[in-house]
There are 2 protein chains.
Amino acid sequence: MAPKIKDVARHAGVSVTTVSRVLNGEKYVKDDLKARVQRAIDELGYTPSHIARSLVRKKTDLIGVIVPDVTSSFYSTILSTIEKTASLNDYNLLVCNIIEDTDKELKYLQVFKQMRVDGIIIMHEKMDDEIRELIHKLDIPIIFSSVKPVDQKFISVIIDDYAAAYDATRHLIELGHKRIGFIGGDMRDVTSGQNRFVGYSHALADFGVEVVDDYIRFGDYKTQSGYEQMKAMLACEVYPTAVFAVSDDMAVGAMNCIHDHGLRVPDDLSVIGFDGSQLTEQVRPRLTSMEQPILEMGKVTVDKLLDLISGNDDLSAEDVILKHKLVIRDSCKSYVNS
Amino acid sequence: MAPKIKDVARHAGVSVTTVSRVLNGEKYVKDDLKARVQRAIDELGYTPSHIARSLVRKKTDLIGVIVPDVTSSFYSTILSTIEKTASLNDYNLLVCNIIEDTDKELKYLQVFKQMRVDGIIIMHEKMDDEIRELIHKLDIPIIFSSVKPVDQKFISVIIDDYAAAYDATRHLIELGHKRIGFIGGDMRDVTSGQNRFVGYSHALADFGVEVVDDYIRFGDYKTQSGYEQMKAMLACEVYPTAVFAVSDDMAVGAMNCIHDHGLRVPDDLSVIGFDGSQLTEQVRPRLTSMEQPILEMGKVTVDKLLDLISGNDDLSAEDVILKHKLVIRDSCKSYVNS
DNA sequence: CTGAAAGCGCTTACAG
DNA sequence: CTGAAAGCGCTTACAG
C-alpha cells in the first residue's frame, strides 16, 4: 500500500494537519518541522492522493473533452494544443472519442458528471435532444470549440465560417472560374455544414456565377467521402474547373480522385480546402486552404473555459470569433476561358 | 450543489446504505424500496460521485496514457482504438501528450500517481534515468505499446521490428534494387530506432547489397525530417533507386522531396514506408508500407493492461508480438538495370 | 505556529 | 432484507 498522510505524520512525529500544511505550501509552519515533514515525505516516497483531495476541495482539476475523431488531423491538432494549455494550467484531460456514436457521447457525459470534472470541451455539434437536455442541466461549465451549437446558452470559440467559406469561394471566382463545385459537410451541422454552404452560395450569387446542382455535394469531412463526391462530380457531362471542399481531408480526397482519373491539379481542376491542417503540406500539389487558427483555437478554448470555471464569466458570455486566413499553395490556378 | 446520497436517502425515506445498495445493483433490497429509491434518484437527478467511490473502492477506473505526439497519424490511430477498448471496459483515459519533453512526462507520471490511475500505457521509449527510476517504483501496472524499453520488467505489445524492417528491405532487393537508401529513426529508441536499422543492415548484408554510408540517414519520424534526409540523399553524386523510411510520415516527406526535385515515384525512385497509417492512402502515388496492425495493437494493449490490473498477470509476463504485413501499393517498382 | 475533530460523499462489514 | 457506524485519505475551520 502506498503511504498515506497519516504515515508521514507518524514518521515525522507531527500531526496530519501539519503535514497537510507543508504539502500545501502554507506558511505558519516552523522551519524545523517543515524540514522533518519533508524528509518523512521523501523517505516514504509519499504522494498525496488527488482523489481524496478532490473530494474535500470539490475540484478535480479535470477537463472532459469530447472529440469527434482523434484520427483527423484537424482535431488531433486542436486536441494537442488543448492538452498543452491545460497542462500548463495544471489541468488534466479526460478524453472521449466519439465516432458518430450518440450513445457513447451520452455515456461519457454521464461519466464526466460522475467524475465531477471541472469543465467540458465539446468539438462537435450534432446533438440529439437527449444530449441537449443532459448538457443543459449539467451544471458544469461547457465550452464548444470550432463549432457552435444552436443553443445560445453556450460559448463557442470559432471562426466566422460563413465569411471563411465566402472568401474561399471568392478566391476561386477571382481566379476566373465559372464552374465551381462544392463538397460540403453535414447539413445538420450549423457551423461547418450550413454556414459554409451558405457562404459558398452567397459568393456565387454575389458574383453572378451559375449554380449547378450537380456540383453541390456533401460528405462527412473525411478523405474517402471527398473522393466519392468528386467522383460523382467528374461523372457530370461538363465538370467543374474548380472545387471547394469544406475540410482539407475531403479536398485531398478530391485531389486524389482527380489524379486517379488522369487529370491534374491545378492544371485541369483547382482545389481549395478548409482547415489548414498539416495535410496541406503533406500532399502534392500542396493544398491551398482556408485556414483556421487551430493552435490559437485550442489555447483560447482552454483559457475561456478556465475563466468560466473560476467564475470570471462576465465577459465570457460571448463567443470568441477568431480570424480565418486564406493560405495559397499550389492547388489552385487561374482559369483562362479560351 | 449536486444532490448527494444522503439527499436521496432522505427523499426516499430510507438509509444511505440502502441507496448505495440499489446504486450498486445489489440484491437483498425489497422491490418497493428499490422503486422508491429509484424514483428519488430520478427526481433529484442524482449521479453518484465517482471521486468518493474511488476513494473507498481504491479503484479509479482511470488509465493514464502517454503519447509522444497525438498529431501523428500512427499514434492518433492507436490512441483511438485504445480509447475505444478502454471505454468498452468502462475505463476512462487520462491523456498526456509529450513532445520530446521529459519534464512534462515526469510531471504527468507524478499526476498519474496522484490520481491513483489503475494502469498506465506508454508509447515511447526514450527514457532518461529519472523517468526510469520513477517508473520502476511506481507500483502501478504499466504496459508499453508499439515500443519496447530496454528494461525487461515491463510488458510490451509490439511487432518484430527487426524482422519487419528486414522484410521491407528485402522487398526492395527483390524488386532488383541495388542502391537502397534508409531513413531511420532515433537510435536511442531500441524498437523503432535500432531494431529497424539492424533489420535493414542485415538484409543488405544477407543479399550482398552494397552499404553506402551516405544513403543511411536518420530523422525524427515526422514528414519534415523525411523531406530533409531525402534531400541530403539526392545531393549525392549517385543517389539511390529506392528508399526505405521507418515511418510513413517520413516516407511521405521523402516522396514529396523527390517530387519537388522533378523526379517521379516510383519511376525514378521507389519508396517504402512503415506503419501502415491512413496517410498511405491519402497520398499519390499511394504508399507501399510495412504495416503494423495498429488497431489490434491498441486493443491488445488495453486487454493486457486490464489483465495486469485484475491480477491475471501470470501469463502476461511476456511481450505480445503481433504480426507485421507488407502492403503493396503504388510507390515501389522493380528496378531494371539496363 | 500546532493539533484534535469534523467533514467531503461514498461503501462495507457488522448487527439485527 | 435493512440500517448505524466506521472508514477511504485528505483539508479546514476552530481552539489553543
Side-chain angles (χ1 to χ4, degrees), chain A residues 1-38 40-41 44-62 110-118 139-140, chain B residues 1-38 40-41 44-62 110-118 139-140:
Chain A
M1 276 284 83
K4 335 171 182 187
I5 196 172
K6 209 170 164 186
D7 301 319
V8 177
R10 186 155 26 201
H11 197 86
V14 298
S15 71
V16 294
T17 313
T18 300
V19 176
S20 175
R21 278 203 260 261
V22 347
L23 242 31
N24 294 295
E26 265 178 60
K27 36 230 166 204
Y28 307 136
V29 182
K30 259 196 194 151
D31 284 348
D32 60 326
L33 270 202
K34 196 182 292 184
R36 250 162 59 205
V37 170
Q38 195 54 59
I41 289 175
L44 266 45
Y46 170 73
T47 311
S49 160
H50 194 88
I51 297 291
R53 224 170 223 186
S54 299
L55 188 59
V56 17
R57 286 189 185 160
K58 294 176 174 314
K59 182 153 182 355
T60 54
D61 303 326
L62 244 32
Q110 285 292 153
V111 168
F112 289 168
K113 191 178 172 193
Q114 288 179 198
M115 286 285 192
R116 306 297 195 251
V117 299
D118 293 337
D139 189 39
I140 297 175
Chain B
M1 278 283 82
K4 335 171 181 186
I5 196 171
K6 210 170 163 185
D7 301 318
V8 177
R10 185 153 29 202
H11 197 84
V14 298
S15 73
V16 295
T17 312
T18 300
V19 176
S20 174
R21 279 203 259 260
V22 347
L23 243 31
N24 294 294
E26 265 179 57
K27 36 231 167 203
Y28 306 138
V29 182
K30 259 194 192 152
D31 284 348
D32 60 326
L33 270 202
K34 194 183 293 184
R36 250 161 62 204
V37 170
Q38 195 53 59
I41 289 175
L44 266 45
Y46 169 74
T47 311
S49 161
H50 194 88
I51 297 292
R53 223 170 224 188
S54 299
L55 188 58
V56 17
R57 287 189 185 161
K58 294 176 174 316
K59 182 154 183 353
T60 54
D61 304 324
L62 244 31
Q110 285 292 152
V111 168
F112 288 168
K113 191 179 173 192
Q114 289 180 198
M115 287 285 193
R116 307 295 195 251
V117 299
D118 292 337
D139 190 37
I140 296 176

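Just so it is clear: chains get the letters A, B, ... in the order the sequence lines come, proteins before strands, and each one is counted from 1.
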Qualifying residues under side-chain hydrogen bond (donor to acceptor under 3.5 Å, both in side chains), relative to [X], sequence neighbours excluded:
X	value
B:Lys59	B:Asp61, B:Tyr91, B:Asp118
B:Ser15	B:Thr18
B:Lys113	A:Thr47

Next on the checklist: Walk along nucleotides 8-16 of chain D from 5' to 3' and tag each nucleotide B, S or - by protein heavy-atom contact under 4.0 Å, base first, then sugar-phosphate.
Outcome noted: BBBSBB---
Checklist entry - Choosing from D:dA4, C:dG3, C:dT2, which nucleotide comes nearest the side chain of A:Leu33? => result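 That would be C:dT2.
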Non-neighbouring partners of [X] that pass side chain to side chain contact (heavy atoms under 4.5 Å, CB included), sequence neighbours left out:
X	result
A:Arg36	A:Val14, A:Leu33, A:Arg39
B:Ile140	B:Val117, B:Ile120, B:Leu138
A:Ser49	A:Ile51, A:Ala52, B:Arg116
A:Lys34	A:Val22, A:Val29, A:Asp31

Checklist outcome for this item: Symbol by symbol from the 5' end, with Watson-Crick or G-U pairs under 3.5 Å, [ ] crossing and | another strand, DNA chain D is |||.||||||||.|||
Checklist entry - Could you go step by step and tell me if B:Ile41 and B:Leu23 meet the side-chain contact (heavy atoms from CB on, under 4.5 Å) rule? => result CA-CA 9 Å; B:Ile41 289 175; B:Leu23 243 31; 3.4 Å; yes
Item to check | Below 4.0 Å: OP1/OP2 of D:dG3 and any side-chain N or O of B:Thr18 | outcome: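 Yes, within the criterion.
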